[in-house]
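The analysis underlying the following values was restricted to heavy atoms, covering all of them including side chains, and did not include hydrogens, waters or symmetry mates.
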Amino acid sequence: MAGLITKDLLEAVDAAADPVVAEVLARYFQLQPGGYGHGDQMVGVKLSTIRGILKPYLQAGLPLPELEQALTSPIHEHRLAILCLLADRATRALKPRTADPAELTAIHELYLRSTAYINNWDLVDCSAPQVVGGYLLDKPRDELYTLIHSSSLWERRIALVATQFLIGRGQIDDTFKLAAEVLDDREDLIHKASGWMLREAGKRVSEAGLRDFLDEYATRMPRTMLRYAIERLDQVSRKHYLALR
């Protein structure tokens, strides 16, 4: 659709706002004092609604500087919409028929400059695999190990969840190495992300690799991480690994 600008997208998100939904989402994403999302603002637009709003914008070629500025919005759903859009553009930039290495690099660099605004698990999970994992598919993975040692919960989660894309391409070594780096992490959201990626690595690529990891680390894994990791194993194996913890 010709003539679309980033401001139109944000206004469309605002037009879909629902105060009742906002209250529900605020509780779900722990915006209360002491919660991991405290200080954020929800207007009340579900992800499914945002994906519908995004459809005419996916190939509109909105300028990346506009999108980067929009990521500084105090409204959670604004940032969610922008990140979903960037993830879609990164995915298209990776496909052989629409490959655009320059755009992929620009999106990736924008993303890393903006991690202060990618500050809840839904924002990370909708974007890190495509924007970070996709970019690193054929490159050294050093930045994942920088991110995994960050003081920011969200940067650590970005490192872990980014490997979902790599797992989909059969590359699981970094998933196991990063999971070993967060065995002593204090954050439940990191335990969940790590266990989730371990489960995916075992399910989609190598159950034997997952079992090797569990044989070495199950006694040290936070219980949440362990439970997520073993979900797809048979009942006998699940009981065995839980007993080690």
Side-chain angles (χ1 to χ4, degrees), residues 28-31 34-42 47 64 67-87 89-91 104-137 139-168 171-201 221-222 224-225 228-229:
Y28 186 63
F29 290 103
Q30 296 197 25
L31 270 57
Y36 53 73
H38 179 57
D40 208 348
Q41 298 179 38
M42 291 277 185
L47 177 58
L64 291 181
L67 298 177
E68 183 169 4
Q69 179 60 37
L71 270 180
T72 68
S73 170
I75 305 300
H76 183 97
E77 292 92 337
H78 287 179
R79 302 196 303 281
L80 181 59
I82 298 302
L83 290 165
C84 287
L85 179 58
L86 290 171
R89 282 175 60 164
T91 298
L104 182 60
T105 297
I107 292 170
H108 177 258
E109 291 176 351
L110 179 165
Y111 192 88
L112 291 185
R113 289 194 300 268
S114 304
T115 56
Y117 306 103
I118 307 170
N119 57 354
N120 213 309
W121 61 262
D122 61 326
L123 303 178
V124 172
D125 296 0
C126 78
S127 57
Q130 302 89 340
V131 176
V132 179
Y135 173 80
L136 294 175
L137 181 63
K139 298 177 182 66
R141 310 288 162 75
D142 303 57
E143 77 179 38
L144 294 179
Y145 297 89
T146 299
L147 290 167
I148 204 67
H149 292 122
S150 170
S151 61
S152 165
L153 156 64
W154 308 116
E155 290 189 348
R156 300 199 302 278
R157 188 171 175 107
I158 286 170
L160 292 163
V161 177
T163 69
Q164 185 180 36
F165 190 95
L166 304 176
I167 292 167
Q171 300 181 22
I172 57 176
D173 288 352
D174 291 296
T175 298
F176 293 133
K177 290 176 183 177
L178 292 167
E181 294 289 332
V182 294
L183 293 172
D184 298 320
D185 202 286
R186 295 182 179 182
E187 298 289 350
D188 188 61
L189 285 171
I190 296 300
H191 305 166
K192 289 177 178 177
S194 181
W196 170 28
M197 291 303 107
L198 289 170
R199 182 187 70 214
E200 291 299 298
M221 291 170 70
T224 298
M225 184 191 300
Y228 272 57

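Within the 4.5 Å cutoff, the side chain of I167 has heavy atoms near those of the T175 side chain. Between L80 and C126, the closest side-chain pair of non-hydrogen atoms falls below 4.5 Å. The shortest distance between side-chain heavy atoms of M225 and L183 falls below 4.5 Å. Put simply, the side chain of W121 reaches to within 4.5 Å of the side chain of Y36, judged on heavy atoms.
In terms of the side-chain contact (heavy atoms from CB on, under 4.5 Å) criterion, residue partners of A106 (sequence neighbours excluded) are, by chain and number, L64. Considering only residues two or more places apart in sequence or on other chains, H76 meets the ring pair (Phe, Tyr, Trp, His ring centres under 6.0 Å) condition with F29. Scored by the side chain to side chain donor-acceptor pair (under 3.5 Å) test, T91 finds no partners at all (sequence neighbours excluded). Residues satisfying the side-chain contact (heavy atoms from CB on, under 4.5 Å) test with E109, not counting sequence neighbours, are T105, R113. Partners of D122 under the salt bridge (charged side-chain N to carboxylate O under 4.0 Å, His left out) rule, at least two apart in sequence or in another chain, do not exist in this structure.
Remark: the T224 side chain and the H191 side chain contain no N/O donor-acceptor pair separated by less than 3.5 Å. Side chains of R79 and N119: a donor-acceptor N/O pair is present below 3.5 angstrom, by distance only. Side-chain contact of H108 with E143: a donor-acceptor pair under 3.5 Å is present, judged by distance alone.
Panel note: side chain R157, backbone L189; a donor-acceptor pair is recorded below 3.5 Å. Judged by distance alone, with hydrogens and angles left aside, the side-chain atoms of T72 form no donor-acceptor pair with the main-chain N or O of E68 at under 3.5 Å.
Taken to the nearest 0.5 Å, the CG atom of N120 stands 11.5 Å off from the CG atom of L83. Atom-to-atom distance recorded for Q164:CD and W196:CH2 is 4.5 Å, nearest 0.5 angstrom.
When all heavy atoms of A179 and L160 are compared, the closest pair comes out as N-CD2, 4.2 Å.
Pairs engaging residues 173-183 under the salt bridge (charged side-chain N to carboxylate O under 4.0 Å, His left out) rule: R141-D174 [sequence neighbours left out].
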